[in-house]
Amino acid sequence: MDYKQDFAKEVYEKVDSGAEIKVCMQCGVCASTCPLREHMKYSPRKIWTLIRAGRRQEVLTSPDIMLCTSCYTCKVRCPRGIPVIDVMHGLASYALSQGITPREETAKFGSVFWAGIYGTGRVDEAIVPIQYCLKDGLVAGLKKSLGMMDIGLSLMKAKRLKPKMFIPPNIAIPPSHKIKGIKELQRMLDKAKALGARKEG
Ligand code: SF4
Ligand code: SF4
């Protein structure tokens with residue numbers, strides 16, 4: 001087992017909102033209310049325990065730190081007011097800054113999402129899922145999109161997805177039009193990235 005004695009200190013100092021977990025009383029509310037708990041090996045509560053125990057490798061390689069969907073349930077319910085969601089995202093970002101990718105699929109989706117935001121200032125619901133599926137190439141992308149067909153149909157039924165999302169993936173995808181002030185947005189994002197890198201470095 002890989003231990004790093006001062007890993008907790010590293011998290012408190014370098015991970016976004018990492019110091020907030022100091023006041024955790026291990027009540028388990030976050031673990032019991034997280035809708036993804038059945039898919040997690042380590043709930044947020046357990047992740048904090050591993051941090052305190054110095055289990056750096058186990059924490060930073062855990063796919064669970066990249067599984068959080070930002071539903072905010074834990075943040076709202078934590079009796080100590082710990083921003084659990086921010087710490088989970090902070091840990092994921094910190095792992096990436098250390099050259100570790102805890103969960104490939106989330107990282108792939110994140111890179112497509114980020115490219116859309118940075119390039120146009122928008123998240124285009126017609127483009128992001130297609131580009132995500134095509135990340136592994138055309139054949140794998142088609143297989144992946146077919147595997148997600150029932151989710152797409154459910155979303156369409158609930159009017160959360162427009163039919164234009166089913167553009168065949170071999171058709172050239174036009175870029176979304178850019179928002180006004182895209183340059184200013186990019187400057188802000190660059191600045192935020194540089195500040196984050198300085199903290200994590
Ligand atoms: S709900 Fe808050 S105090 Fe309770 S285990 Fe989770 S982070 Fe700790
Ligand atoms: S914000 Fe993330 S960690 Fe918290 S309950 Fe939702 S999915 Fe779970």
Can you tell me how far the [atom1] atom of [X] sits from the [atom2] atom of [Y], to the nearest 0.5 Å?
X: L96; Y: Q98; atom1: CG; atom2: CD; value: 10.0 Å
X: H177; Y: T120; atom1: NE2; atom2: OG1; value: 9.0 Å
X: I100; Y: T61; atom1: CD1; atom2: OG1; value: 7.0 Å
X: E20; Y: I82; atom1: CD; atom2: CD1; value: 7.5 Å
X: E184; Y: Q186; atom1: CD; atom2: CD; value: 9.5 Å
X: S62; Y: L50; atom1: OG; atom2: CG; value: 8.0 Å

Is it the case that one hydrophobic cluster holds both [X] and [Y], taking links as side-chain heavy atoms less than 4.5 Å apart, direct or via other members?
X: M40; Y: W48; result: yes
X: I47; Y: V23; result: yes
X: L36; Y: I151; result: no
X: M188; Y: I179; result: no

Self-check item: Distance-only polar pair, side chains of Y12 and D6, donor-acceptor under 3.5 Å
Solution: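 No pair is found: no donor N or O on one side chain lies under 3.5 Å from an acceptor on the other.
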Quiz item: Can K14 and S97 be counted as having a side-chain donor-acceptor contact under 3.5 angstrom?
Solution: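 No, because no side-chain N or O of K14 sits under 3.5 Å from a partner of the opposite role on S97.
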Quiz prompt | From CA spacing to verdict: side-chain contact (heavy atoms from CB on, under 4.5 Å), V112, K108 | solution = CA-CA 7 Å; V112 170; K108 274 183 214 161; 6.0 Å; no
Quiz prompt | Residue pairs involving residues 134-157 (criterion ring-ring contact (aromatic ring centres under 6.0 Å, His included); sequence neighbours excluded) | solution =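 For residues 134-157, and leaving out neighbouring residues, there are no ring-ring contact (aromatic ring centres under 6.0 Å, His included) pairs at all.
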Quiz item: Could you give all pairs that pass the ring-ring contact (aromatic ring centres under 6.0 Å, His included) test and reach residues 64-113, with sequence neighbours left out?
Solution: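 Qualifying pairs, neighbours excluded: F109-Y132.
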Practice problem: Determine, stepwise, if the pair M88 / K75 fulfils side-chain contact (heavy atoms from CB on, under 4.5 Å). | Solution: CA-CA 11 Å; M88 293 293 267; K75 185 165 174 168; over 6 Å; no
Practice problem: Show your working on side-chain contact (heavy atoms from CB on, under 4.5 Å) between K193 and L189 and close with a plain yes or no. | Solution: CA-CA 6 Å; K193 206 172 171 184; L189 293 173; over 6 Å; no
Self-check item: Residue pair I51, L91: steps toward the side-chain contact (heavy atoms from CB on, under 4.5 Å) verdict
Solution: CA-CA 11 Å; I51 290 170; L91 284 168; 4.1 Å; yes
Do the side chains of [Y] and [X] get nearer than 4.5 Å, heavy atoms only?
X: I85; Y: C68; value: yes
X: I117; Y: V123; value: yes
X: R77; Y: C30; value: no
X: F7; Y: R55; value: no
X: Q131; Y: K135; value: no

Taking all non-hydrogen atoms of both residues into account, name the closest pair between [X] and [Y] and its distance.
X: A95; Y: I65; result: CB-CD1, 4.2 Å
X: G90; Y: V15; result: C-CG1, 3.5 Å
X: A92; Y: M66; result: CB-CG, 3.7 Å
X: R52; Y: C24; result: NH2-O, 3.3 Å
X: V84; Y: C74; result: CB-SG, 3.4 Å
X: S17; Y: V87; result: O-CG2, 3.4 Å

Salt bridge (Lys or Arg N to Asp or Glu O under 4.0 Å) with [X]: which residues, sequence neighbours excluded?
X: E10; answer: K4, R56
X: E104; answer: none
X: K46; answer: none

Quiz prompt | Steps toward salt bridge (Lys or Arg N to Asp or Glu O under 4.0 Å) verdict (K144, E105) | solution = CA-CA 11 Å; K144 191 183 267 183; E105 289 307 310; 2.7 Å; yes
Quiz item: Does K143 come within less than 4.0 Å of D136, counting only side-chain N to carboxylate O?
Solution: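 Between D136 and K143 there is no salt bridge, as every charged N stays at least 4.0 Å from the carboxylate O atoms.
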Quiz prompt | Set of side-chain contact (heavy atoms from CB on, under 4.5 Å) partners for M25, sequence neighbours left out | solution =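 With sequence neighbours excluded, M25 shows a side-chain contact (heavy atoms from CB on, under 4.5 Å) to C27, P79, R80, given in chain and number order.
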